[in-house]
Amino acid sequence: MTEPIIRAQQVEKFYAQPSENRIQVIAATDLSIVPGEIVALLGPSGSGKSTLLRMLAGLSRPSAGEVYWHGRPISTVRIHVSIVFQSFALFPWLTVLENVEAPLKAAGMASAEQRERSLKILDTVGLDGFQAAYPKELSGGMRQRVGFARALVVEPEVLFMDEPFSALDVLTAENLRSELLELWQKKTIPTQAIFLVTHNIEEAVLLADRIIVLGRNPGHVRTDFKVTLAHPRDRKSQPFTQLVDYIYKVLTRPDVVPAAMPDLESGRKVRDQRQMHYEMLPHARPGGIAGLLEIVIDLSDKSTGRADIYKLADELAFEIDDLLPIMEAAQILGFLKVGEGDVVITPEGREFAESEILKQKELFRTAALDHVLLLRQITRALNNKNDHTVPEEFFLDMLDEQFSDDETQRQLETAINWGRYAELFDFDAARRRFILPETEVTAESFEGAEAE
């Protein structure tokens, strides 16, 4: 077995809370990066992709566990890595050549060698002739080429990339992916391994030799498998689309342990998602949920009532991070069922999508009380208070035992959005208090709602 360049052993990331509890961002995780591989890391927003990358790259220390560089703790050795970021992160006051020379200058390299190596890498990435240009004179694609050149000029053993193509238009991103893959396959660059964080499933399948999919809250490895498709990979081929569908299924069914791919490495452990007291609410608006349900109805197969998630995202020109929160919200509310890479609208979902606005609010209210614990708790508390008001801090205190400070605030904002739409309650932003609207939701509204 090839010795890994980087090996993470039971690494975790968590943040202590004033109470004895802690916010777990990354659960105990084993992961390795070996020579000759492009590894793609996929996962929904909030799963800790960038956090894991920073720990592997030595930019952030794990809260527990250890990261090793060629078998030695990463904190005790000098590592040879570089990072390409989502934003171009160039020095606007420096020319292209000076930007590329910057890391070599910081390392104390002689000026003549800096210049020679930088000019060579600029030629390699197609920027010959632009040495004297400033970043503001370049297109987005060319600025990202400068970012690649600056990362590669130090001749890293491992090249980390954190969503490097997401800020580019579709055609420019496609062109850069192809050029990077060509440089890698022809061994034009000295890099031994590439670690790519992305939310684009097709991008991962196009580039990667190995794909890792994370679950969230806390981040954990749901599946880790080899991609055996030969290059160049055809997006329209059946094996390609089957693999994309499999990954969509893993991402959209966080409650189910994914089935193994036929070429999944034997013996690899898959961790179940941690059981939660509060289910994490996706940050989706009711209007977006209604819109998605209408589109699912229009695009569903008329005989089966099913819509393929991959084709749905492609038809809408949505990235997975755009589509998943809305789909998860519809699933939580009982409006959609997701399985085998397909979505099926439920009778409740169809009624919601096809109703007038007042009826939609009524149906949303019923679904929210049936399926969302936080909304039931807020509404119960308001009904039980004599003045029918409750301070925001009461619910923040409950949520922050499970979520980070930022996520706690986002969860409450989503709950407020849903509750207002359903006319369950209102929120006084000036006083930071929940209040019961004039039309009270009585205790009878909770009949049939199961306690969690």
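Just the heavy atoms: all of them, side chains too, but no hydrogens, waters or symmetry mates, feed the values below.
In this structure, R233 is not positioned above the aromatic face of F240 in the sense of NZ or CZ being under 6.0 Å from the six-membered ring centre and within 45° of the axis. Judged by the 6.0 Å distance and 45° axis criteria, R177 is positioned over the aromatic ring of F165.
Between the CD atom in Q144 and the CG atom in L138 there is a gap of 12.0 Å [rounded to 0.5 Å]. Here the CD1 atom belonging to I345 is positioned 9.0 Å from the CZ atom belonging to F335, to the nearest 0.5 angstrom. In this structure, I289 CD1 and Q331 CD are separated by 12.0 Å, a value rounded to the nearest 0.5 Å.
Comment: R410 engages E407 in a salt bridge, judged by a side-chain N to carboxylate O separation of less than 4.0 angstrom.
Listed by chain and number, the residues in a ring pair (Phe, Tyr, Trp, His ring centres under 6.0 Å) with F91 are W93 (sequence neighbours excluded). For F395, the ring pair (Phe, Tyr, Trp, His ring centres under 6.0 Å) criterion is met by F434, not counting sequence neighbours.
A donor-acceptor pair is defined here as one N or O able to donate and one able to accept, closer than 3.5 Å; no such pair exists between the side chain of K13 and the backbone of P62. R210 places no side-chain N or O within 3.5 Å of a backbone atom of D224 that could act as its donor or acceptor partner. Using a distance-only test at 3.5 Å, with no hydrogens or angles considered, no donor-acceptor pair links the side chain of H80 to the main chain of P156.
Sequence neighbours left out, the pairs with a member in residues 384-397 that pass salt bridge (Lys or Arg N to Asp or Glu O under 4.0 Å) are K385-D387, E392-R432.
Remark: R420 CZ is packed, more than 12 non-hydrogen atoms of other residues, nucleotides or ligands lying under 6.0 Å away.
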Can you check salt bridge (charged side-chain N to carboxylate O under 4.0 Å, His left out) on K359 and E362, steps first, answer last?
CA-CA 5 Å; K359 182 64 174 178; E362 180 185 329; 3.5 Å; yes
**Request:** Could you walk me through whether D30 and Q9 pass the side chain to side chain donor-acceptor pair (under 3.5 Å) test, one step at a time?
**Result:** CA-CA 5 Å; D30 294 331; Q9 181 176 321; over 6 Å; no
